[in-house]
Amino acid sequence: MELKQMFLAQLEREAAAARKTIERVPEGHNDWKPHEKSMSLGYLAALVATMPGWAEFMIDRDELDLNDPSSEEFKTKALGTKDELLKRFEDGLVRSRKALNNTTEEHLLKRWRFAMGGQVMYEAPRYQALSESLFCHLAHHRGQLTVYLRLNDAKVPAIYGPSADEMH
């Protein structure tokens, strides 16, 4: 199996879980945090909604420097409604599918960098960056979001196994 086929399949699995989680985000709680050092619910929900779209820039760009003005569109910003979250999610998913379908195995072996202000924070072959910085990172933040859901009395979806809210 080619790497891109593996990543396309993983994107679909993880996107299904992310979609179910985003659909449960309660509106009107964007500023809520479980602790002063924690992300706000609105920021975290937007992060989970945008992460499936990251494959596009990880394939199409050799580097993402968040302090570069050309990267402004990639900075996470809280969104006002669940519909906005889902639209951003679906739009990113379409772009990532296209980027993965159009890439080559050779390109996935090339290095990709994440930087801030010119300082390299992470550098690895694209296939490794996709695995770690996209899929593992998405699972981590989606897990955080399910805790936020529970603490806001929203139903937690089943992701990799049953949820107490969906058991019969």
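Because only heavy atoms are used, hydrogens play no part in the values below, and waters and symmetry mates are left out as well, while side chains stay in.
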Minimum-distance pair of heavy atoms, taken over all atoms of [X] and [Y]:
X	Y	result
Glu2	Glu105	CB-OE2, 3.3 Å
Gly118	Ala115	C-CB, 4.4 Å
Ala99	Ala55	CB-O, 4.4 Å
Arg150	Ala164	NH2-CB, 4.3 Å
Ala129	Trp112	CB-CE3, 3.7 Å
Pro26	Ala154	CD-CB, 4.3 Å

* Mutual orientation of the aromatic rings belonging to Trp54 and His137 [parallel < 30°, tilted 30-60°, perpendicular > 60°] ->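 Rings of Trp54 and His137: perpendicular, as their planes differ by over 60°.
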With a 3.5 Å distance limit and no angle check, can you tell me whether [X] reaches the backbone of [Y] through a side-chain donor-acceptor pair?
X	Y	value
Glu27	Lys82	yes
Tyr148	Val25	no
Ser71	Phe74	no
His107	Ile59	yes
Glu84	Thr81	yes
Lys4	Thr103	yes
Ser96	Gly53	yes

Please tell me if the side chains of [X] and [Y] come closer than 4.5 Å, counting only heavy atoms from C-beta onward.
X	Y	value
Gln144	His141	yes
Thr50	Phe89	no
Met58	Arg126	no
Tyr43	Asn30	no
Trp32	Asn152	yes
His35	Lys33	no
Phe135	Leu11	yes
Leu93	Pro52	yes

Taking a hydrophobic cluster as the set of Ile, Leu, Val, Met, Phe, Trp and Tyr residues connected by side-chain heavy atoms closer than 4.5 Å, whether directly or through intermediates, do [X] and [Y] fall within one such cluster?
X	Y	answer
Leu134	Tyr122	yes
Leu86	Leu145	yes
Ile159	Leu138	no
Val94	Val48	no

Can [X] and [Y] be counted as an ion pair, charged N to O under 4.0 angstrom?
X	Y	result
Glu166	Arg24	yes
Arg61	Glu56	no
Glu72	Lys75	yes
Asp60	Lys98	no

* So does Lys155 have more than 12 non-hydrogen atoms from other groups sitting under 6.0 Å from NZ? ->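 Not buried by this count: 12 neighbours or fewer within 6.0 Å.
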* Asked: So with a 6.0 Å cut-off around CZ of Arg142, is the heavy-atom count from everything else above 12?
  ->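 More than 12 within 6.0 Å, yes.
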* So, Asp68 versus Ser70: side-chain donor-acceptor pair below 3.5 Å or not? ->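 Looking only at side-chain atoms, Ser70 and Asp68 do form a donor-acceptor pair, the distance falling under 3.5 Å.
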* With a 3.5 Å cut-off and no angle check, do the side chains of Gln10 and Glu14 form a donor-acceptor pair? ->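 Side-chain D/A pair, Gln10 to Glu14: absent.
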Point-to-point distance, once rounded to the nearest 0.5 Å, from [atom1] of [X] to [atom2] of [Y]:
X	Y	atom1	atom2	answer
His29	Asp153	NE2	CG	9.0 Å
Gln128	Arg111	CD	CZ	7.5 Å
Leu108	Leu3	CG	CG	6.0 Å
Leu79	Leu85	CG	CG	5.0 Å

* Evaluation steps, side-chain contact (heavy atoms from CB on, under 4.5 Å), between Lys20 and Thr146 -> CA-CA 10 Å; Lys20 288 194 306 187; Thr146 63; over 6 Å; no
* Determine, stepwise, if the pair Arg113 / Leu64 fulfils side-chain contact (heavy atoms from CB on, under 4.5 Å). => CA-CA 6 Å; Arg113 285 179 307 280; Leu64 177 66; over 6 Å; no
* **Stepwise salt bridge (charged side-chain N to carboxylate O under 4.0 Å, His left out) check, Asp91 with Lys87** => CA-CA 6 Å; Asp91 289 349; Lys87 174 148 181 33; 2.8 Å; yes
* Stepwise side-chain contact (heavy atoms from CB on, under 4.5 Å) test for Val120 and Phe114 -> CA-CA 6 Å; Val120 176; Phe114 171 67; over 6 Å; no
